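Worksheet: one structure, shown below.
The structure presented is a predicted model; accordingly, all values stated were derived computationally and were not measured. Only this structure's heavy atoms are used, side chains among them; waters, hydrogens and symmetry mates stay out.
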Amino acid sequence: MTLTSAPARPRPAAPATTARPRGLLAATGLGALWLLVAVGLHLTQGTADVDAGALWTLITGGHVPQGAEVVIASRLPRLVAALIVGTALGVAGAAMQSITRNPLASPDTTGVGAGAYLAMTIVAALGISLGPLPGIMVAFLGGIAAAAAVIGLSSGGTMSPVRLVLAGSVLTLGLGSLTSVLLMLFPWETQRLFAWGAGSLGQNGFGATAPAAPVVVVGIGALMLLGRRLDLLQLGDDSAAALGVPVAATRRWGAVLAVLLAAAAVTVAGPIGFIGLCAPALVRLLAHRLTALRKQRPFLLLSGVLGVSLVLTADVLLRAMFGSVSGVTVPTGVLTSLIGALFLVVLARRLRIAAGTGESIVTMSAGLRWGRTHPQAVLLGAVALLVTALIAGLLIGDRTILLGDVWNWVQDVASVRVQVIVESRLPRVAGSALAGACLALAGALVQAVTRNPLADPGILGVSATAGLGAVAALVLVPSTSDSLLFFAALGGGAVAALALVVLGRGDQMRTILVGIGIGAAAGATTTLLIVQTDPWNQAKAITWLGGSTYGTTPALLLPMVLVLVAGVVVCTRTARDLDLLQIDDTTPQVLGIAVGRSRLLHLGLAVALTAAATAAIGVIAFVGLVAPHAARMIIGKRHSSMLPLTILLGAALVAVSDLVGRSVIAPGQLPAGVVVSLLGMPYFLWLLHRMRLDR
Amino acid sequence: MRSVRAATSVAGIAAAALLLAACGSTDAPIDDGDTPDGTANADPITVVDTAGAEITLPDGPAQRVVALEWAQAEIVTSLGVELVGVSDLAGYTSWVGNAVPLLGEPADVGLRTEPSVEAIAELEPDLILGGGRSVPEAVADQLAAIAPVMTVDVADASDPLGTLSERVDLIATTIGQQEAAEELLAQLDATIAENAASIDAAGLSGAPVVLTSPYAEGANVTIRMHGPGTAVQAVADAMGLTAAWDDPGDEAYGLSYVDIEGLTAVPDDAWFLYWDNDDSDDPVETSLAGNAIWDGLPFVVEGHVAPAANGIWAYGGPGSLMAWSDDLVQVLTAG
C-alpha cells in the first residue's frame, strides 16, 4: 500500500508533521460528528408531522400514526438518495480527476447531468410516461452519451484541464438549449422537469435508489481494484507505462466507471451540481497535510464520504431555510450548484496552472489566403449576406409578407395587418442583428485581450450574470422599465467582469475557470429565483433566458446602438493595439502600449456590449465565440479587417437564427438564442476537435 | 480560393432571386376614402378591465374576439360567441374541451405565454382578451395597435366564485351577451344547488374533498393541491362538501405543492380526487400506488381515490365549474 506514492513527493521528516495530525484528527472527528448530526437532522425534516420526538418514539418501539410508513417510504429513501448521490458523485469526481490528472474533471464538467436531463425531457415530450426503472435507463444512456462526447472531443493523448471543462460546459449549454426548446414546445408534458433539472432529492420510496445502489457499489468496487494502477498513473503516463501499467486501458475503464457512477447519481436525483468537483478538491486540500490520502484508494473513498457530507448539508440547509413544505419545490441541486460554483472560483484562485497549457490565438490558422488578400471583397460579401438576412427577416415570419407590402408600409398606405406585422417585426430583426453584432464584438475583444481563442462572454459567465441581474429586476420589481432592465444587466455583467479581473489575476486559464464558476452560480441563482416566484413565470423566464426577440421594442435597441457605436469608434483607434495584445504581454509593452489600461478598456467595453445585448434580447451564447472564429478563419487575425467581419457575421448569425426561431414552429416561436446555441454548439465542438488534431 | 468565389456568386444569385420573388404584396394598399364595410351602428362600449385600464369598443359589441387564455376563451364560448383565435388550440381541446368545446374553428395564435402578434393581426379581431400573464408587457402596445386589449383575470383566492361571476359579466358586456351571462351564472347556481341536493341525498354532506394533480418525474413525485381558495374547492364547498386541504396556497389560484409524506395531513375520511387527462398517464397508478405511505393512507385504504375532471379546466369559467360539479357527484356517488 505504501510503496507507490513515496517517490512522487519525498517529504523531509519535519517536526511540523507530528503536530499536524492532531489537528487533522480533530478536524476529521468534527467532520464525522457533523455527518452524524446531519443524518439525524435530515431524518427529522419533511412535510409530514414526524419530528425528532416521534422518531424517538418509533425507535424505542412506540407507535406513531403513519410514522413508520413516513420514515420507511419517504425519510429513509431521501437519506439513502443523499448517501448514494453524495458517494457516487464524490467518487466519480475523484476518479475522473485521477485518470485525467486534472483537478477540474467532474461529472458536471463532462455533461453527464445535461445529457441525462435532455434524455428525460425527450421521453417526457414524446408523451411517454415511463415507470421509475425505464426512466432511469433513459437518463443513464443520455448521461453516458454526453460524457463520451465530451471526453472524446476534448481528449487526444492527454486531456488539457481547461479544455475538458470547456467542452463540458459548452455541451451542457448546447444540450440545455435543446432541452429548453422541448420544455417550451411541450409545456404540459414537461411541466415538472424544470425544477428537476436542477436536481431534487425527493424520493418516491426506494424505487430509484434500489437499482442505483448496486451500480454504485460495483462501480466503487471496480475502481478500488484499479487503485494501484491509478496510483502509478499519477506519476505520469511514461513512468506508469514503464512500470507496466496499461495506461490507455486504465484510463478508459476508469472513465467508464466514473461516468457509470455519475449517471447512477443523476438517475436518483437529477443533476446535483458540483459535488463531484468539490469533494475531491477538499480531500486534496487535506492530502497536503496527510500523505496517506495521496494514495488513490483512500482518496476515492474519502471523496465519497465528503460528497455525502456536502449533499446532506445542502439538503438540511435548504429545508431549514425554505421550510419543508416550500422545500418541495426548491431543488437541492440549486444549492449545491451555488456552493460548488463559488467553490470552483476559490479553487481556480488556488490552483497552480502550468503555463502554456492553453491554445493561443497566435497558433491558430491564420485565415484563407484569398480572404487575407481581398479583405474588401470579403467584407462586401458579408455586408450582402447581412442585408439579405435582414430583408429575409423582415419578410419571413409567422406570416410571410412581400416587398410590396413593405413599400406600402413605407408610403403609409399599408393595411393594419401589414402595418402591425412590419412594425412588430422591424424591432425584432434590428434587435437580433444588433445583439449579434454586440456579442460578436465583445467576444472578439475578450479573445484578443485574454489571448484565449475560446473565451466568450457566455462562457466567461458575463452573459449569465447580466441575465441574472435582468431576471432579478424582472421578478423583484413589479413593473420593470427598459432602462432598469439595462442597468440591472449592466450591474450583473460588471460584477462578473470585476470578479474575472480580480480573481483571474490575468491568467487565461484561471480566468476561464472563474468565469465558468460565476456563470454556473448565476444560473443556479436564476433557477432559484424562478422556482421560488411562481410557476407561471417559468415559461416567460425560459423564453427570456433563451435569448428571445419576442416583444423587442425600439426603445430597447437604443443601448445596443450607443454601445456598439462607442465600441466601433474605440476599436478603429485600437485595432493595432489589439493585434499586438493578442501575441503576448511583452511585445506591446516594448512598443509602448499600456497593456493594463488597454486590457481594462477593452474588457469594460465587452461587458457593456454584453449587458446591452442581454438586457434587450436575453442570454445568447456562442455568438461571441463563433463569429470571431469564422472571421479569423476567413480574413486573418488583423483586427482592422477581422473586427468588421466579426460584427457582420455575428449580426447575420443572430438575425438568421431569429428568423428560423420565428418561423419554424409558427405561431409558436423559439428564442433566437436557443437557435444560435443549436447552431453554435456543433461549430464549437468541431473547433475543439480540430484543435485536438492540430496538436 | 475558387470555392469562396463560387460561394459568393451563388449567394449573390440566390439573393437576387429572393429579391425578385419577394416583390409584390400580400395586401392591397388602402385608399384614404376606403371605409370599413359592415354596418356597425351600435353605441360604443366602455369598460374598465381588471388591470384598471379603460377599454373602449367604438363599434359596439365585439364580433371578432381573440382569447389569449383558456378561461377567457371558455367564457366567450359559453356565452355563445365563436372565437376567431385562441392560444394553444390543442391544449384547449385536451384540457378544457370536454367541458366547453370550442364553437366554429378558431385559429391557433401560439403559446399562452407568448401569443404571436402576427397571427393575431391576420385575424383582424376587434377585441383581444387575455389574462394578466398572457399579455406580455412587451407586446401590449403592438397588440393594442391591432384591437383593444382587455385583461380579465378570473382567479382570486379570497373570493373565487364571486370574482368569476363579476368577470363573466365584464366579458359579456364587451361582446353584448349580458343576457346569456345572466343565464349562464344562473345555470351555474342551479347546477350547484341541484348537485348539492344529490350530495345531501347520498349522505355525503360535510365530506372533505380535494382536487389534486400529482406529477412524477424521475424519482420525485410532487402533488399540486387545490386549496380552499380555488374555484373548484369553492364549488365543492357550495355543494355541502368541505376542504380536505387547508393550505391557502398562492393569492390568485390558491394552489400549493406537497410531496407524498405531506399527504398524511389529508383527513382520514377525505376524498382524494386527481386531475385526469386523456393525453397523460394515470399518475396514481404509475407513481403513487406501491408507495408504503400512499398505500397506508386511510383514504387510500378506504378506496376514496378517483380520477376526476377529465378535459375540465380547473381554472376555467362557469362551464368548467358546472362540469366539475356534475363530475364530483358522479365520482363520489359511484363507489
Side-chain angles (χ1 to χ4, degrees), chain A residues 46-48 66 69-70 72-74 120 127 129 131-132 135 188 191-193 196 200 202-205 207-208 268 270 325 328-329 368 370 381 384-385 388 392 395 397-399 401-405 408 413-418 420-421 424 534 536 539-540 543 550-551 553 666-669, chain B residues 1 4 8 11-12 15 18-19 22-30 91 108-111 113-114 116-119 121-122 124 133 136-139 141-142 145-146 215-222 247 250 256-262 264-265 279-281 286-287 290-293 296-297:
Chain A
T47 52
Q66 289 279 322
E69 287 86 351
V70 166
I72 290 168
S74 178
M120 293 290 296
S129 176
W188 282 107
Q191 189 162 22
R192 280 297 304 162
L193 278 176
W196 189 83
S200 170
Q203 296 291 312
N204 174 12
V268 169
V325 175
V328 169
T329 50
L368 306 169
W370 188 85
L385 178 74
T388 312
L395 300 186
D398 183 359
R399 297 292 187 270
I401 56 172
L402 299 174
L403 282 176
D405 294 311
N408 285 344
V413 292
S415 65
V416 175
R417 182 189 79 101
V418 167
V420 167
I421 289 178
S424 69
D534 60 331
W536 281 274
K540 189 172 163 189
T543 299
Y550 183 78
T553 55
Q669 24 211 332
Chain B
M1 273 175 92
V4 172
T8 314
L18 182 77
L19 220 63
C23 288
S25 66
T26 57
D27 270 3
I30 47 168
D108 193 342
V109 297
L111 294 181
T113 45
E114 226 182 47
S116 164
V117 177
E118 300 178 10
E122 179 137 295
E124 296 182 353
R133 290 190 178 88
E137 252 174 78
V139 294
D141 289 342
Q142 291 170 9
I146 304 172
Y215 297 100
E217 238 14 289
N220 193 12
V221 177
T222 304
D247 189 319
D250 72 280
S256 49
Y257 297 83
V258 74
D259 55 7
I260 298 179
E261 67 166 272
T264 50
D279 299 328
S280 318
D281 279 343
T286 51
S287 16
N291 179 290
I293 300 177
L297 288 168

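In this structure, the portions of A:Val70 lying under 4.5 Å from any heavy atom of chain B include both its backbone and its side chain. Using a 4.5 Å cut-off between heavy atoms, B:Ser287 touches chain A through backbone and side chain atoms alike. For B:Val258, the parts sitting under 4.5 Å from any heavy atom of chain A are the backbone and the side chain alike. Neither the backbone nor the side chain of B:Ala265 comes within contact range of chain A, judged by heavy atoms closer than 4.5 Å. When heavy atoms are compared at a cutoff of 4.5 Å, A:Gln66 approaches chain B solely by way of its side chain, counted from C-beta outward. For chain B, the nearby part of A:Asn408 is the side chain; its heavy atoms alone come within less than 4.5 Å.
No side-chain heavy atom of B:Glu118 sits under 4.5 Å from any side-chain heavy atom of A:Val420.
Heavy atoms only, all atoms of each residue included: B:Glu261 and A:Ser74 are closest at OE2-OG, 2.5 Å. The nearest pair of heavy atoms linking A:Gly404 to B:Ser25 is C-CB, 3.6 Å. Residues B:Ala119 and A:Asp398 approach most closely at CB-OD2, 3.2 Å, considering heavy atoms. Minimum interatomic distance between A:Ala48 and B:Thr264 (heavy atoms only, all atoms of both residues): CB-OG1, 3.2 Å.
Rounding to the nearest 0.5 Å gives a distance of 4.5 Å between CD of B:Glu114 and CD of A:Gln669. For the atom pair CG (B:Asn291) and CD (A:Glu69), the distance works out to 10.0 Å, reported to the nearest 0.5 Å.
Not counting sequence neighbours, the partners of A:Arg399 by the salt bridge (charged side-chain N to carboxylate O under 4.0 Å, His left out) test are B:Glu122. When the side-chain hydrogen bond (donor to acceptor under 3.5 Å, both in side chains) test is applied to A:Ser424, no partner is found at least two apart in sequence or on another chain.
The closest donor-acceptor contact from the side chain of A:Thr47 to the backbone of B:Gly262 lies under 3.5 Å.
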